[in-house]
There are 2 protein chains.
Amino acid sequence: MKKILVVEDDAAIRTGLAEALAREHYLVDTASDGETGSLKGSAKDVDLIILDLMLPVMNGEEVCRALREKGISTPILILSSKREETSKVLGLELGADDYVTKPFSLLELQARIKAILRRQKKSGDKIDEFAFGNVKLDFKKHEMTRRGKQVKLTEREFKVLKYMIEHKGEVVTREMLLDEVWGYENFPTTRTVDNYILSIRHKIEDAPSRPKFILTVHTAGYKFTC
Amino acid sequence: MKKILVVEDDAAIRTGLAEALAREHYLVDTASDGETGSLKGSAKDVDLIILDLMLPVMNGEEVCRALREKGISTPILILSSKREETSKVLGLELGADDYVTKPFSLLELQARIKAILRRQKKSGDKIDEFAFGNVKLDFKKHEMTRRGKQVKLTEREFKVLKYMIEHKGEVVTREMLLDEVWGYENFPTTRTVDNYILSIRHKIEDAPSRPKFILTVHTAGYKFTC
DNA sequence: GTCGCTTGTCACAGAAAGGTCACGAGCCGG
DNA sequence: CCGGCTCGTGACCTTTCTGTGACAAGCGAC
């Protein structure tokens, strides 16, 4: 779960923002002045700082600069009012990553937050091809072939299968799948998982009722082997 | 490590940019006027040139043209202000690879830089022509012909199609398109993407409702094949 | 073997995503 | 100022996906 620090002195905006972000399943911390903002912003577990420019004690500009000088590279999104817009060249010189001018729409802010966080997660070692048995998978193309014949998989089926493959040999619990594939926003029954396993088996196994690849580990979960 | 040359006369933006890019682990060199920009940009070890259009001594347009005439094919990203917006297309005709209009956010710039460098790495030779089915595209001239007949594409349609082609075979999500084609400055609905796909299909497909080239990948995005 | 719990299986309804069209806003050239 | 072009959005309909309940089958402990 991503953690966002909101540094804003106006209580109404601060709590409003905090609530809105919490509703979007972010972890939210707040600070009402620049100094505590700078302090809290130095923590390593913060994924994004939303920073008002006009702040008591220490203004946003200073906070920004201070953080960067400390070598903190946490993304910073600046909230500025129209007046300040022209003076600061978009916080570029301050080391901010993005800016939104007040009054802003919540929708826009959320979109930008998403964009920033999306950029953060590095595209490290992802598999995009995998083969086993008579099945070949291409995650990038969203394609699966079995004995050379194309088989259609649902997006969710793809994700489940991919997760299983990424943990091949290990027992994967239903809870793990629900957390990682379904995410925090959805809370389906654990039976839902079973059903997806079922339909995946139908597509990858020669004898779905006697599976060779996705094995059931009774009272624990499932295991992918090949 | 990639080397980026920043050609910009405004000191605040220049140093701000330089620092930000350094933070992103790029090697950065700077130039404050067109002439030195052109000089430094001729070096072979430069991977990308970020070029302001309004420059003393020699403007960005001239720098761009001069470099291309010298046979330098280093990617160029143009910074232009709103006023010069009409020169957008011109910029691309000059041989620039992309442009960002001021005021821009660091986030957007970074995204575009990444995109350009990724493209660069992928296929040393940039595509500027592409043909499939009975369609022929000329990216440089922004022209498309179908069965020898000219078909008009809007700028945005062109970009979408180009992006799809650059990722042919792979699934392209709406988010990817919004990020890379629309940029971070606009936040249209994802439905907007659908509509563009629709209109592109009408222009390239024989049976738009049963597309052969731009396929829908349900809950994932679209895929270009040919 | 029997009981209790877990998993396999199927069918279905509601939800979500995509296709399509039409409209209003903004921009530009005349 | 008008008409035409883009662009983004909303509305409506169709298709596809998703999650769930019900029941059968399987497993494990006793």
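FYI, side chains are in, hydrogens and waters are out, and symmetry mates aren't considered; it's all heavy atoms of this structure.
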Could you state the atom-to-atom distance from NZ of B/K159 to P of D/dC7 in whole Å? 10 Å
Reckon A/T154 touches a base, only the sugar-phosphate, or nothing at all at heavy-atom distances under 4.0 Å? sugar-phosphate
Gap between atoms CG and C1', on B/L215 and C/dG18 respectively (whole Å): 14 Å
Non-neighbouring partners of A/K203 that pass side chain to side chain donor-acceptor pair (under 3.5 Å), sequence neighbours left out: A/E157
Find the distance A/E155:CD to D/dT18:C1' and express it as a whole number of Å. 13 Å
Taking side chain to side chain donor-acceptor pair (under 3.5 Å) as the definition, give me every residue that meets it alongside B/K212, ordered by chain and number, with sequence neighbours left out. none
Using the side chain to side chain donor-acceptor pair (under 3.5 Å) criterion, which residues pair with A/D10? Sequence neighbours excluded. none
Given that A/T192 and B/K152 both sit by DNA chain D, which one's nearest nucleotide is further toward the 5' end? B/K152
Could you pick out which residue, B/E157 or A/T189, lies toward the 5' side of DNA chain D when each is mapped onto its nearest nucleotide? B/E157
Listed by chain and number, what are the side chain to side chain donor-acceptor pair (under 3.5 Å) partners of A/K162, not counting sequence neighbours? none
Quick one: which protein N/O atoms are closer than 3.5 Å to N/O atoms of nucleotides 2-11 of chain C? Pair and distance per line, please.
{"unit_1": "C/dT7", "atom_1": "OP1", "unit_2": "A/R174", "atom_2": "NH2", "d": "2.7"}
{"unit_1": "C/dT7", "atom_1": "OP1", "unit_2": "A/T219", "atom_2": "N", "d": "2.8"}
{"unit_1": "C/dT7", "atom_1": "OP2", "unit_2": "A/R174", "atom_2": "NH2", "d": "2.8"}
{"unit_1": "C/dT7", "atom_1": "O5'", "unit_2": "A/R174", "atom_2": "NH2", "d": "3.3"}
{"unit_1": "C/dG8", "atom_1": "OP1", "unit_2": "A/R201", "atom_2": "NH1", "d": "2.7"}
{"unit_1": "C/dG8", "atom_1": "OP1", "unit_2": "A/R201", "atom_2": "NH2", "d": "3.4"}
{"unit_1": "C/dG8", "atom_1": "OP1", "unit_2": "A/T216", "atom_2": "OG1", "d": "2.5"}
{"unit_1": "C/dG8", "atom_1": "OP2", "unit_2": "A/Y222", "atom_2": "OH", "d": "2.6"}
{"unit_1": "C/dG8", "atom_1": "N7", "unit_2": "A/R191", "atom_2": "NH2", "d": "2.9"}
{"unit_1": "C/dG8", "atom_1": "O6", "unit_2": "A/R191", "atom_2": "NH1", "d": "3.3"}
{"unit_1": "C/dG8", "atom_1": "O6", "unit_2": "A/R191", "atom_2": "NH2", "d": "3.3"}
{"unit_1": "C/dC10", "atom_1": "N4", "unit_2": "A/N195", "atom_2": "OD1", "d": "2.4"}

Under a plain distance cut-off of 3.5 Å, with no hydrogens placed, do A/H142 and B/E170 share a side-chain donor-acceptor pair? no
I'd like to check the ring-ring contact (aromatic ring centres under 6.0 Å, His included) partners of A/H25; sequence neighbours left out, ordered by chain and number. none
Interatomic distance, A/L178 CG vs D/dT18 P [rounded to whole Å]: 14 Å
Atom pair distance, as rounded to whole Å: OH in B/Y196 and C1' in C/dC21: 15 Å
